[in-house]
Amino acid sequence: MSKTRFNAISAFSGRPKINVEMPSEKISDFYAESVFSDKIIKEYLTKESFSRLQECIKGGTKIDRDLADQVASAMKAWALKKGATHYTHWFQPLTGSTAEKHDSFFIPKGTGGIEEFGADALTQQEPDASSFPSGGIRATFEARGYTAWDLTSPAFIMTVGHGKTLCIPTIFISYTGEPLDFKAPLMKSINALESAALEVCHYFDRNVNKVIATLGWEQEYFLVDAAMYYSRPDLVMSGRTLIGRPSPKGQQLEDHYFGSIPERVYSFMREMEIECLKLGIPVRTRHNEVAPGQFECAPMFEEVNLAVDHNSLLMDVMDRVSSKHKLKVLFHEKPFAGVNGSGKHNNWSMATDNGKNLLSPGKTPRTNLQFLTFFINTIAAVNRHEALLRASVATHGNDHRLGANEAPPAIISVFIGSYLQDVLKMIEDRIDEESFDEQENINLRLDIHNRIPDILLDNTDRNRTSPFAFTGNKFEIRAVGSSANCALPMTVINTIVAEQLKLFKKEVDALIKEGDYKDVAILKVLRRTLKESKRILFEGDSYSDEWHQEAAKRGLSNNKTTPEALKAFITKKSLELFEGLGVYTQRESEARHEIMLINYIHHLQIEASVLSEMILNQIVPAAIDYQNKLINNIRGLKEIGLKETAYKSQLTLLETISLQIEQIIKTEEKLRTENDKAHHLSEVQKQAEAYCEKVKPLMDSIRKNCDELEAYVDDDLWPLAKYREMLFAK
Ligand code: ADP
Ligand code: MG
């Protein structure tokens with residue numbers, strides 16, 4: 001009998017319930033209590049220092065040393081009062097998770113000591129950068145990097161067990177100023193978008209002083225029992241099951257989606273939410289997802305930099321809280337074959353400092369023109385850089401969703417709903433250039449759309465198959481993988497829209513200069529832009545074969561694998577885009593591209609090696625055990641003189657199993673050879689392609705045999721937790 005698996009099953013069935021108490025009756029009593037928020041800062045700083053700090057944050061200006069010292073000592077006083085003993089610069093290196101290096105506030109001096117924390121410790125630190133990926137940047141430049149305080153994202157206290165640490169959100173850059181993380185380029189893209197959008201906003205409203213990009217993510221995840229998780233080497237090492245026969249009951253009944261949340265999961269969710277709320281992460285919704293064992297949570301949207309930090313933090317918190325509940329949260333895009341994978345929808349929009357959502361249709365012709373401006377320009381940006389957007393979500397895990405048998409496809413298209421389609425058609429067909437003669441006329445014509453806000457929300461019929469959908473007052477980027485850092489797709493969307501808005505402004509200004517009324521000029525350029533971008537709009541079923549053919553005709557890219565998709569990151573068009581808007585220099589783009597390829601390679605290498613181990617150490621021995629059982633049985637039957645017709649089927653079974661075993665052993669050997677060959681290739685692109693084209697198919701082939709074998713081998717002997725045990729354990 002396979003001990004690990006059955007131990008896991010019995011561990012799981014004896015789990016005691018964990019009761020989660022609310023820290024207080026009302027959430028507002030403890031919301032953001034672990035955040036060094038404005039409210040707290042006000043208590044600790046003088047009025048004058050507080051407003052100087054606000055100016056630095058809002059204006060993006062540099063903070064002087066004196067003020068940094070005051071903030072540091074305020075932070076220290078607050079953190080010590082809250083029981084923190086250590087502090088850390090918290091950052092998001094390109095490895096995909098978050099990084100921390102804790103230092104104690106306490107400095108021993110003689111037989112005593114004091115708690116210290118000043119401007120230097122707050123603003124800059126030097127973690128050992130050599131173990132973080134830099135894509136060759138560090139090799140050619142100085143081998144050191146440093147973290148620098150991001151004052152736009154508030155510091156917070158992270159509690160792990162009884163330990164409390166003050167975390168300071170930072171960017172991570174090399175000594176030559178090149179970013180080594182996700183956050184620094186994101187912040188540059190935010191600046192680019194904000195200034196481009198502000199200028200366009202001024203066509204409509206001179207009182208706008210600032211535009212911000214907003215993000216509201218929806219995080220999907222799976223939960224499995226911790227004992228099951230640890231009994232599966234593939235889950236522990238690669239985050240997904242590399243083999244495993246689909247359970248007889250999968251998601252076909254769709255009873256999980258509508259079902260109530262299992263009690264154990266509910267406890268986990270409550271505790272996770274309480275921890276998030278203390279950290280100021282505005283989580284609001286929770287529900288079951290389509291696949292069994294799959295769930296989702298979503299917050300209220302926030303400014304994009306903060307929202308990205310909060311999503312990273314959420315993933316940390318979920319991981320920790322799940323362990324406490326003897327569960328394990330899986331962020332992998334496709335932990336289980338045959339059931340839905342997980343994504344992270346990124347709802348994105350832009351808003352003004354006077355509270356207007358720029359992607360929310362207005363009540364007057366003028367505000368509608370403003371809405372249409374941002375709406376159409378976003379569509380145009382996606383059209384121009386569809387391949388880059390696809391590249392921004394390309395990872396080994398997401399390859400199992402995009403371009404595989406599951407939504408959304410690898411083809412980027414934009415869904416806008418039937419009503420807006422009509423509106424756009426009207427602009428294109430019914431408003432001709434001749435009628436663009438006077439303001440009155442424009443007003444009259446745009447007045448047609450007065451009713452947009454009343455019916456829009458009902459009309460954004462939920463096309464679940466679209467990778468980029470307009471959902472009433474924001475765009476929802478559904479192609480993002482569940483394990484991804486939102487920063488990269490957000491960096492790309494901010495940058496491409498910034499570029500498009502700049503182009504738009506240039507064209508409109510030129511027409512105005514030639515004598516057109518402002519609104520006339522705007523509508524003319526919008527109409528032209530729309531015509532040029534139409535191929536990206538698609539309302540139908542994105543999974544259908546017809547769409548794949550149609551998209552090819554329209555010249556849209558369909559890059560199904562990461563090594564292929566990532567190429568779009570370093571095309572001339574993308575390099576110029578990033579460099580032109582100051583987001584990445586050419587070298588940085590190339591370095592990122594290399595890092596992403598290396599990530600891909602490493603993950604596939606790990607998967608292939610773990611699979612080899614599981615085959616040799618677990619699957620083949622179990623199958624041989626069963627083979628022996630059958631052999632002995634048949635031999636026994638023969639010995640007592642039974643006719644062969646009495647055990648003919650057993651012979652067939654034995655043959656089937658023996659052939660499967662043979663096939664698996666042979667393919668595993670090939671897998672090892674190809675894994676080794678790929679590993680030793682010198683060029684990164686070639687290496688990634690070898691893993692994709694040579695190694696991956698062998699893994700798929702082994703899986704097929706193993707999953708068939710699982711159907712035959714004695715359940716008592718099968719060493720790995722089965723799908724039904726992992727997915728339906730409640
Ligand atoms: P659904 O699952 O139906 O798509 P949810 O309510 O779960 O919808 O998620 C909608 C998400 O969109 C939430 O995270 C919400 O905060 C976010 N959102 C709403 N308005 C905006 C906006 N203006 N900008 C960015 N995100 C937004
Ligand atoms: Mg959604």
Side-chain angles (χ1 to χ4, degrees), residues 31 186 189-190 193-194 197 201 208 210-221 254 256-258 261 269 273 276-277 280-291 294-315 318 340-362 367 370-371 374-375 378 382 407-408 414-417 420 452-453 456-480 482 484 486-487 489-494 497:
Y31 182 66
L186 173 70
S189 77
I190 293 172
L193 177 66
E194 289 181 358
C201 248
V208 176
K210 193 173 165 66
V211 173
I212 59 160
T214 53
L215 164 64
W217 38 261
E218 299 162 57
Q219 177 73 53
E220 289 179 346
Y221 59 96
E254 297 200 335
H256 181 66
Y257 193 60
F258 298 107
I261 299 171
M269 284 179 174
E273 284 167 5
C276 284
L277 291 165
I281 307 173
V283 283
R284 286 194 64 217
T285 59
R286 56 159 102 114
H287 58 81
N288 289 358
E289 261 304 321
V290 182
Q294 192 187 26
F295 308 91
E296 181 190 292
C297 75
M300 176 75 189
F301 69 90
E302 299 174 283
E303 184 280 318
V304 60
N305 181 36
L306 188 59
V308 166
D309 281 1
H310 277 167
N311 182 253
S312 296
L313 199 50
L314 169 102
M315 289 164 80
M318 282 173 92
N340 272 19
S342 301
K344 171 144 56 194
H345 297 174
N346 279 203
N347 295 272
W348 173 91
S349 189
M350 294 158 282
T352 64
D353 58 341
N354 47 24
K356 170 112 181 69
N357 177 355
L358 292 172
L359 288 174
S360 183
T367 47
Q370 173 175 310
F371 158 69
F374 287 95
F375 180 65
T378 304
V382 174
V414 181
F415 168 86
I416 58 172
L420 279 170
I452 294 178
L456 193 60
L457 282 166
D458 301 332
N459 270 275
T460 50
D461 22 314
R462 293 303 191 134
N463 184 329
R464 287 277 161 202
T465 67
S466 178
F468 198 101
F470 185 72
T471 48
N473 54 6
K474 70 216 185 255
F475 280 101
E476 185 170 334
I477 312 173
R478 302 206 182 107
V480 185
S482 49
C486 306
M490 288 295 103
T491 300
V492 168
I493 185 80
N494 291 340
V497 174

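These numbers were taken from a predicted model, which means no experiment stands behind them. All residue numbers in this chain count up from 1 along the given sequence. Values reported hereafter were calculated over all heavy atoms of this structure, with side chains retained and with hydrogens, waters and symmetry mates removed. In listed order, ligands and their atoms are each counted from 1.
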Below 3.5 angstrom, do we get any N/O pair linking Leu215 and ligand 1? no
When Arg286 is tested against each of Glu220, Glu273, Glu296 for salt bridge (charged side-chain N to carboxylate O under 4.0 Å, His left out), which residue passes? Glu273
What part of Met300, side chain from CB on, backbone N/CA/C/O, both or neither, has a heavy atom under 4.0 Å from ligand 1? backbone
Heavy atoms only, cut-off 4.0 Å: how does Glu476 contact ligand 1, side chain, backbone, both, or neither? side chain
How about Ser342 and Gln294: does a side-chain donor come under 3.5 Å of a side-chain acceptor? yes
Nearest option to atom 26 (N) of ligand 1, as decided by whichever heavy atom of Trp217, Phe301, Trp348 sits closest: Phe301
Is it the case that the side chains of Ser189 and Asn494 hold a donor-acceptor pair, with the cut-off being a distance below 3.5 Å and no angle test? yes
Report, in ascending order of atom number, the atoms of ligand 1 lying under 4.0 Å from any heavy atom of Asn357. 23 (N)
Would you say Glu218 and Asn347 are linked by a side-chain donor-acceptor pair, where the criterion is simply a distance under 3.5 Å? yes
Distance alone, cut at 3.5 Å: any donor-acceptor contact between the side chains of Glu476 and Asn346? no
